[in-house]
Enquirer: 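Supplied in structure tokens, the structure appears directly below.
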2 protein chains.
Amino acid sequence: MIQTAEETLARVLVVDDEPNIADVISMALKYNDFTVATAADGNEALEQVSDFRPDLIVLDVMMPGLDGFQVAKRLAERSNDVPILFLTARDTTDDKIRGLTIGGDDYMTKPFSVEELIARIKVILRRSGRSREESPRLTYLDLELDDDTREVFRDGNPIELTDTEFRLLRYLMSNPRRVLSRAQILDHVWEYDFAGDARVLETYVSYLRRKLDKYGPSLIVTVRGVGYALREPKG
Amino acid sequence: MIQTAEETLARVLVVDDEPNIADVISMALKYNDFTVATAADGNEALEQVSDFRPDLIVLDVMMPGLDGFQVAKRLAERSNDVPILFLTARDTTDDKIRGLTIGGDDYMTKPFSVEELIARIKVILRRSGRSREESPRLTYLDLELDDDTREVFRDGNPIELTDTEFRLLRYLMSNPRRVLSRAQILDHVWEYDFAGDARVLETYVSYLRRKLDKYGPSLIVTVRGVGYALREPKG
DNA sequence: AAGGAAATTCAGACTCTTCTCAGGAAACTC
DNA sequence: GAGTTTCCTGAGAAGAGTCTGAATTTCCTT
């Protein structure tokens, strides 16, 4: 698909030696209107930076050959200040990660949820002024959700949500009125390698309803046999 | 990225022969809307002063060839009075440092925290009248923090903070309501080469809360699994 | 060199989140 | 309306994350 400058949010280069991960990220980004290129190792990444001229790089730190840190260093030496979202293994030691957030950069630990990845990318682009994207505040009816402060309000009332509840609501709010299948929700909100009981989703919908419905009619409607949607209940 | 005169705070030349340090400083400055140029030694620095015309120079004193003192001396001989923030090793002897702060200049010992560096730069620029930057007083709700005097007040009551407590509170106050990750806080508030136990952050949050909460509700909220934010506790 | 303050490390207690499970409720099908 | 399927929600276990007091180390002052 060819996207013109007006249609696309930004150009993102995805660098990961695991094809599965690169694919997951790449598809998620394309679906969110980003223009995407991929590279499977550090050298390819450096080439792509010159050719593709990305606005942001999603960069795995653990790669054979030139690793993510080295790629970042080479770019800095070329005084190329493209912001980077580093991907690290969960057990990467603290001292390796330290320093990664000094500039506009940030990092995420694998495995992550796709929604969280997209959210982080948008934060970085917004801060670096490379995106025309609006404020991080999502609203639907009397619901408001702020990605920076992680605050949620219904009809002006603050609502405390746990991390998973927040991600779930954010996904629903970024697809208002659309019916989302259980599989879609699990794929986007839970970590990409989640292999547990799919019924967690029901539990979390229940949690969310309990917290949100205190201030108005239930907005999460069940579409039996399919999934859930965020919308006004029928008359 | 091209920044127009209106967008940028000031032009800063960073002179350090260690690329890692120069990178850290450069990234931090760019992220804080300064326009940055770098030089790796004294001669390059002198050239850049002519070409780049900085409003301030961050100048490492320990460099092979022309060192920081000599660079400063040459500039004085050219009657160039651009203010300088010298960087010295912690064990540089007193008599060498003495005299460094006579003009509008100042110095910091390595390693420093990124927030402290930015704060010092702003102080120097403000004093030398080369910055349009506002007053150094940060306020949020009933909290007040004065960067020049290092005084902190809550609801008018003075609060004694140690150095680290002050830097932590300053970072939180310069990002009010936003959730800051542990990594971000450590990167900005602690010295750039801090490689110790990340739990020190929790200890300092605990200290700060104890001191601040004497005069009102707790303003530092924990966002479990993410980090901390400065904001009003919810209803 | 001693004393004191600040910074850091550490360990245990504690809290909160996540996930699973199971019984019952609700919705759909025939 | 009975049977079947799907969904909801309370309870609880396991685990991760957090807080705080205290011990230790480092640094600075006298």
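The analysis underlying the following values was restricted to heavy atoms, covering all of them including side chains, and did not include hydrogens, waters or symmetry mates. Convention: sequence-line order gives letters A, B, ...; per-chain numbering from 1.
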Enquirer: Write down the distance between CG (A:Leu208) and P (C:dT18), rounded to a whole number of angstrom.
Expert: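 Rounded to the whole Å, the gap is 11 Å.
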
Enquirer: Is any side-chain heavy atom of B:Tyr228 closer than 4.5 Å to a side-chain heavy atom of B:Leu180?
Expert: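 No, side chains not in contact.
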
Enquirer: Which nucleotide in the set C:dC10, D:dC8, D:dT20 lies at the smallest distance from any side-chain heavy atom of A:Tyr228?
Expert: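 From the listed options, D:dC8 comes nearest.
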
Enquirer: Taking atom C1' of C:dT15 as reference, at what distance in whole Å does atom CD of A:Glu160 sit?
Expert: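 These atoms are roughly 14 Å apart.
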
Enquirer: When you measure from the side chain of B:Arg224, which nucleotide among D:dG12, D:dA16, C:dT9 comes out closest?
Expert: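 Of D:dG12, D:dA16, C:dT9, D:dA16 is nearest to the side chain of B:Arg224.
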
Enquirer: Mind calculating the distance between CD (A:Glu202) and P (C:dC19) to the nearest angstrom?
Expert: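 The distance from CD of A:Glu202 to P of C:dC19 comes to 14 Å, rounded to the nearest Å.
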
Enquirer: A:Thr101 and A:Asp106: side-chain donor and acceptor closer than 3.5 Å?
Expert: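 Side chains of A:Thr101 and A:Asp106: no pair found under 3.5 Å.
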
Enquirer: Name the closest nucleotide to the B:Thr164 side chain, picking from C:dT8, D:dG10, D:dC19.
Expert: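 Within the option list, the nearest is C:dT8.
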
Enquirer: Is atom CE of A:Met173 surrounded by more than 12 heavy atoms (other residues, nucleotides or ligands) closer than 6.0 Å?
Expert: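 Buried by this count: over 12 neighbours within 6.0 Å.
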
Enquirer: Can you confirm whether A:Lys73 is buried at NZ, in the sense that more than 12 heavy atoms of other residues, nucleotides or ligands lie under 6.0 Å from that atom?
Expert: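 Result for NZ/A:Lys73: open.
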
Enquirer: Considering only side-chain heavy atoms of A:Thr203, which listed nucleotide, C:dT8, C:dC21, D:dT20, is closest?
Expert: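 Of the candidates, C:dC21 comes closest.
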
Enquirer: With salt bridge (Lys or Arg N to Asp or Glu O under 4.0 Å) as the test, would you mind laying out the steps for A:Lys110 and A:Asp16 before giving the verdict?
Expert: CA-CA 12 Å; A:Lys110 290 185 181 182; A:Asp16 200 312; 2.9 Å; yes

Enquirer: Does any residue of residues 165-190 of chain B have a heavy atom under 4.0 Å from DNA chain C, and if so, which ones, in number order?
Expert: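 Here the set is B:Trp190.
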
Enquirer: Would you call A:Arg170-A:Glu116 a salt bridge at under 4.0 Å N-O?
Expert: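 A:Glu116 and A:Arg170: salt-bridged.
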
Enquirer: Identify the two heavy atoms, one from B:Val71 and one from B:Gly42, that lie closest to each other, and give their separation to 0.1 Å.
Expert: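 Closest approach of B:Val71 to B:Gly42, heavy atoms only: CG2-CA, 3.6 Å.
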
Enquirer: Classify the side chain of A:Tyr207 and the base of C:dC19 as holding, or not holding, a donor-acceptor pair under 3.5 Å.
Expert: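 Answer is yes: a donor-acceptor pair is held.
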
Enquirer: For the side chain of B:Val200, starting at C-beta, report the closest nucleotide among C:dT8, D:dC8, C:dT18.
Expert: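 For the B:Val200 side chain, the nearest candidate turns out to be C:dT8.
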
Enquirer: In this structure, how many angstroms lie between the P atom of C:dA5 and the CG atom of B:Leu161, rounded?
Expert: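 Roughly 17 Å, once rounded to whole Å.
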
Enquirer: Counting side-chain heavy atoms from C-beta on, which of C:dT18, D:dC7, C:dA7 comes nearest to A:Asp163?
Expert: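 Selected nucleotide: C:dT18.
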
Enquirer: Looking only at side-chain atoms of A:Thr162, point me to the closest of C:dT18, C:dA22, D:dC19.
Expert: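 My answer, after comparing the listed nucleotides, is C:dT18.
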
